[in-house]
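Note sheet for the following structure.
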Amino acid sequence: MSLWFILVCAVVLIAYAALGGVFLAFSDFIMRSLNLVRNQSGIEAMQVINVEIMRSIFMVLFMGLAVISVLLVVYAWLYVDGTPGRLIMLSGVVYIAGVFALTAAGNVPLNNTLAGLEPQTGAALAFWKESYMTRWISLNSARTIGCFLASGLMLGALLIR
């Protein structure tokens with residue numbers, strides 16, 4: 001592997017792990033805290049978070065890593081032999097499928113439904129308590145695992161190169 005490719009892989013490893021840390025914080029204590037505040041306050045806070053995240057460095061990393069992961073998979077398939085190449089490809093696939101696609105198919109639709117609700121209504125509170133909290137946190141926990149698995153696979157590739 002060339003030096004530039006090793007450096008790109010190292011930066012991607014750090015970015016995968018950083019996003020995993022954000023996801024972990026949400027699954028571990030942020031969502032639980034939002035669920036414990038009075039009435040619709042958690043719903044309102046999550047609605048604001050879902051708007052603000054679109055204008056954050058998180059979104060740049062999240063979207064950028066999807067593109068870079070595809071490029072890494074293709075490059076590793078074409079130019080990196082042996083176990084390191086397979087680990088890099090697997091790392092990229094895990095991120096694309098286990099983080100990016102999972103978000104698009106699971107978390108985003110839940111966020112969109114939540115965005116369309118008036119927080120002070122009984123329907124919003126019922127959706128929040130009965131659907132959003134359980135499904136969103138489960139999906140988010142899977143994204144956390146996906147990020148950490150992708151970063152671990154990338155680390156393995158770099159260590160054994």
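- For the atom pair T144 OG1 and L24 CG, the distance stands at 5.5 Å (nearest 0.5 Å).
- In this view, A25 and F29, I30 satisfy the side-chain contact (heavy atoms from CB on, under 4.5 Å) rule, not counting sequence neighbours.
- For the ring pair (Phe, Tyr, Trp, His ring centres under 6.0 Å) test with F100, the passing option among Y95, Y16, F62 is F62; the others fail.
- Put simply, the side chain of L71 reaches to within 4.5 Å of the side chain of V67, judged on heavy atoms.
- Contacts classified as side chain to side chain donor-acceptor pair (under 3.5 Å) and involving residues 40-51 (residues at least two apart or in different chains) are given here: N50-N111.
- For L61, the side-chain contact (heavy atoms from CB on, under 4.5 Å) test picks out A15, L19, with sequence neighbours left out.
- Geometric assessment of R32 against the ring of W136 yields a negative cation-pi assignment under the 6.0 Å and 45° thresholds.
- If you chain together hydrophobic residues whose side chains sit under 4.5 Å apart, V8 and L90 never meet in one group.
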Mind listing the side-chain donor-acceptor pairs of residues 149-158 below 3.5 Å, one per line with the distance, residues two or more places apart or on another chain?
residue	atom	partner	partner atom	Å
S151	OG	C147	O	3.3
S151	OG	F148	O	2.9

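- The two residues P84 and D81 come nearest to each other via the heavy atoms CD-O, 3.7 Å.
- Remark: I88 CD1 to R161 CZ distance equals 10.0 Å, nearest 0.5 Å.
- The shortest non-hydrogen separation linking A101 to A97 is CB-O, 3.6 Å.
- The shortest distance between side-chain heavy atoms of V99 and V94 does not fall below 4.5 Å.
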Q: Could you please spell out the steps behind the side chain to side chain donor-acceptor pair (under 3.5 Å) verdict for S138 and R135?
A: CA-CA 5 Å; S138 294; R135 290 174 51 212; over 6 Å; no

Q. Passes side chain to side chain contact (heavy atoms under 4.5 Å, CB included), N107 versus N140? Steps please.
A. CA-CA 7 Å; N107 296 84; N140 192 66; 4.2 Å; yes

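- A side-chain donor-acceptor contact under 3.5 Å links T113 to the backbone of P109.
- Contact record, S69 with L65: OG-O, 2.6 Å, taken as the closest heavy-atom pair.
- I96 contributes atom CD1, which lies 13.5 Å from atom CG of L102 (distance to the nearest 0.5 angstrom).
- Both I49 and W128 are part of a single hydrophobic cluster, where members link through side-chain heavy atoms under 4.5 Å apart.
- Summarising the geometry of L72 relative to C9, their closest heavy-atom pair is CD2-SG, 4.2 Å, with the distance given to 0.1 Å.
- By the 4.5 Å heavy-atom criterion applied to side chains, N35 and K129 are counted as neighbours.
- V12 is not connected to V60 by any chain of hydrophobic side-chain contacts under 4.5 Å among Ile, Leu, Val, Met, Phe, Trp and Tyr, and they are in different clusters.
- L110 and Y132 get closest at one heavy-atom pair: O-CE1, 3.5 Å.
- Each of L13 and V11 belongs to its own hydrophobic cluster when Ile, Leu, Val, Met, Phe, Trp and Tyr are linked at side-chain heavy-atom distances under 4.5 angstrom.
- Across all non-hydrogen atoms, the minimal contact from I53 to M59 is O-CB, 3.4 Å.
- Qualifying side chain to side chain donor-acceptor pair (under 3.5 Å) partners for S141, counting only residues two or more places apart in sequence or in other chains: S27.
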Q. Hey, mind stepping through T103 and L139 against side chain to side chain contact (heavy atoms under 4.5 Å, CB included) and telling me if it holds?
A. CA-CA 8 Å; T103 300; L139 290 165; over 6 Å; no

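- The distance from atom CG of L125 to atom CD of E118, rounded to the nearest 0.5 Å, is 14.0 Å.
- Once rounded to the nearest 0.5 Å, the distance linking OG of S56 with CE of M54 reads 8.5 Å.
- In this structure, R55 contributes its side chain and V51 its backbone to no donor-acceptor pair below 3.5 Å.
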**Q.** Criterion side chain to side chain contact (heavy atoms under 4.5 Å, CB included) on I43 and L117, from CA distance to verdict
**A.** CA-CA 9 Å; I43 297 169; L117 297 173; 5.8 Å; no

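- Linking Ile, Leu, Val, Met, Phe, Trp and Tyr residues whenever their side-chain heavy atoms come within less than 4.5 Å places I6 and L78 in a single cluster.
- At least one side-chain heavy atom of F23 sits less than 4.5 Å from a side-chain heavy atom of F58.
- Shown here are the ring-ring contact (aromatic ring centres under 6.0 Å, His included) partners of Y75, two or more places apart in sequence or in another chain: W4, F5, Y79.
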